[in-house]
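Below is one structure; the comments refer to it alone.
Counting starts at 1 for both ligands and their atoms, following the listed order. Both backbone and side-chain heavy atoms feed into the values below; hydrogens, waters and symmetry mates do not. Keep in mind that this is a model prediction, so the values were computed, not measured.
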Amino acid sequence: MSETNAVKALKEQILMDPKPGIAKLSEDVIKSADAFCEGYKPFLDYSRTERDAVKYSIELAQKAGFVEFDPAKQYKAGDRVYVNNRDKALMLAVIGTKGVREGAQLAIAHIDSPRIDLKPNPLYEANGLALFKTHYYGGIRKYQWLAMPLALHGVVCKKDGTSVEVRFGDDDSEPCLCITDLLPHLAYEQVEKPLRKAFSGEDLNVIVGSRPYSNDDESELVKLNVMYILNKKYGITEDDFLSAELCLVPTYKTRDVGFDGGLMGGYGHDDRCCAYPALMAAIDAKTPEKTAITVLCDKEETGSDGNTGMQSDFLRYFITDLAKMDGVEGHHAISKSKCLSADVNAAFDPTYASCFEAKNSSYINEGVVISKYTGHGGKGGTSDASAEYMGEVRAMLENNNILWQVGELGRVDLGGGGTIAKYIANMNVDVVDLGVPVLSMHAPFELISKVDIYMAYRAFSAFFA
Ligand code: MN
Ligand code: MN
């Protein structure tokens, strides 16, 4: 062996493989990734809010033999159940041969995404236009939501106890809604302001109408006309907005991106690009040893508070019910459980390279990204996965030929973020973040790689096997 060959061999033996991830994949694997994404696109197109995602997921699950969980019943290995938490969060379980006696395998993703919600009293008229007042939801960059077509999704609960679902503006055949932006000609003062101050939350007002109800000499006839249309269409009156959850979301469909179509652009990849693989891993799971549980949760983007977020006890109660069935204490089953917190990470963006640390960032087409910790300012507010659990997850990925990488969220002290991982860790569960790298995270049109989302599916499937 020549000296250079010996160095080469040594490098291969003890250094990391520098070859780009996607270059290690066969054409067949890439084809499987593309095929998997054809199932994801309709899921994402439909699932604009957590309610939409729950509805679509239950439909898929029922077709695959999942039935609503009944805590009074005894289930056997291979049975498939789901729990619908208030139409906003969902748990699916495939009962294992050992049940939860040695803990459950948990994959938890969130199905809420940054968006713009209506205020409880939204409708007003000004200068011949009807508008909605809004209160944004989650970490948005406000300027990204101006001057683009928006749809309205949600539910209105009426005084008589009935409720009506609203899905307005998705179809090209119907109108859409829109928030206005200031013309550059009159933005000389605005552009001098720091970005944080240039766009205010109270300015995110949505145009919802422009024609008066009649030519009568009355006030607020444009507003009246909007309410008249809504009354005819949904049977609602103005005070029904008080008991409604209505969200403005982008109208555009998921699209392939790049001349090679290797990426997908769409609204709400964070975190539905992890929710869908976790859902499909449950649907495709063969009878596991340990009960496999996929949780699709709400409220991650606002801190996981509330009864449909992961700071709630709904998962704890579910595992406790399963444990009772198996004749063990709930807290024993929980303490032995393992979790993949299925959430996205920021993919390295060459345009904003200075915001990342290149050696510890995740990259498009390098596979699922494991984030040992998140947080900000010296690992503040994060659960830091143990070396032991990292080792376990890494071995699982390697043994199943799953393309994976590690990634931190950007440069130290630049900013930060969190996931549901810490709330699960606080239940005394081993947990680590594992998900898909995203470009333009939290923008109304985010980008992910088809290969990476497929590798997330493979990872959750291996975790459930
Ligand atoms: Mn997320
Ligand atoms: Mn997010």
Side-chain angles (χ1 to χ4, degrees), residues 40 43-44 47-50 52-54 57 88-90 106-117 136-142 144-145 247 249-250 264-279 294-306 308-311 339-347 349 352 355 361-362 364 368-376 381-383 385 407-410 414-425 431-449 452-453 456-457 459-460:
Y40 174 60
F43 170 83
L44 190 66
S47 304
R48 298 290 156 142
T49 66
E50 61 279 357
D52 297 337
V54 164
S57 302
K88 296 169 75 164
L90 181 67
L106 306 167
I108 308 180
H110 66 92
I111 46 176
D112 61 319
S113 296
R115 61 172 186 242
I116 298 180
D117 288 346
Y136 65 96
Y137 174 97
I140 65 164
R141 288 173 43 96
K142 296 179 187 107
Q144 293 177 337
W145 291 76
C247 317
V249 292
M264 280 185 294
Y267 164 64
H269 283 317
D270 175 10
D271 182 34
R272 293 161 196 142
C273 71
C274 297
Y276 181 75
L279 169 72
T294 288
V295 183
L296 306 181
C297 68
D298 179 29
K299 292 283 175 283
E300 195 278 338
E301 296 295 355
T302 53
S304 297
D305 295 286
T308 52
M310 287 323 292
Q311 294 204 61
C339 178
L340 296 177
S341 161
D343 209 342
V344 299
N345 200 332
D349 186 336
Y352 300 102
C355 299
S361 292
S362 63
I364 289 291
V368 280
V369 48
I370 311 180
S371 311
K372 190 173 181 296
Y373 48 83
T374 56
H376 50 86
T382 183
S383 81
E408 283 195 342
L409 184 71
L414 187 66
T419 64
I420 58 101
K422 60 178 173 179
Y423 306 115
I424 305 306
V431 56
V432 69
D433 283 305
L434 180 146
V436 177
V438 179
L439 288 167
S440 303
M441 194 198 290
H442 281 207
F445 195 71
E446 303 172 309
L447 305 181
I448 61 167
S449 136
D452 296 338
I453 183 177
Y457 165 71
F460 303 133

Side chain to side chain contact (heavy atoms under 4.5 Å, CB included), paired with Thr374, selected from Asn345, Asp433, Leu409: Asp433
Candidate list Ser113, Ser57, Ser47, test side-chain hydrogen bond (donor to acceptor under 3.5 Å, both in side chains), partner Arg272, passing option: Ser113
Applying side-chain contact (heavy atoms from CB on, under 4.5 Å), can you list everything that pairs with His376, at least two apart in sequence or on another chain? none
Run the side-chain contact (heavy atoms from CB on, under 4.5 Å) test on Met310 and Ile108 for me, step by step, so that the C-alpha distance in whole Å, both residues' side-chain angles and the decisive distance to 0.1 Å come before the verdict. CA-CA 9 Å; Met310 287 323 292; Ile108 308 180; 4.1 Å; yes
Less than 2.8 Å from the Mn ion (ligand 2) is the window; count the protein N, O or S atoms in it. 4
Show your reasoning for whether side-chain contact (heavy atoms from CB on, under 4.5 Å) applies to Asp112 and Asp271. CA-CA 7 Å; Asp112 61 319; Asp271 182 34; over 6 Å; no
Measure the acute angle between the ring planes of Tyr267 and Trp145, then classify it against the limits of 30° and 60° as parallel, tilted or perpendicular. perpendicular
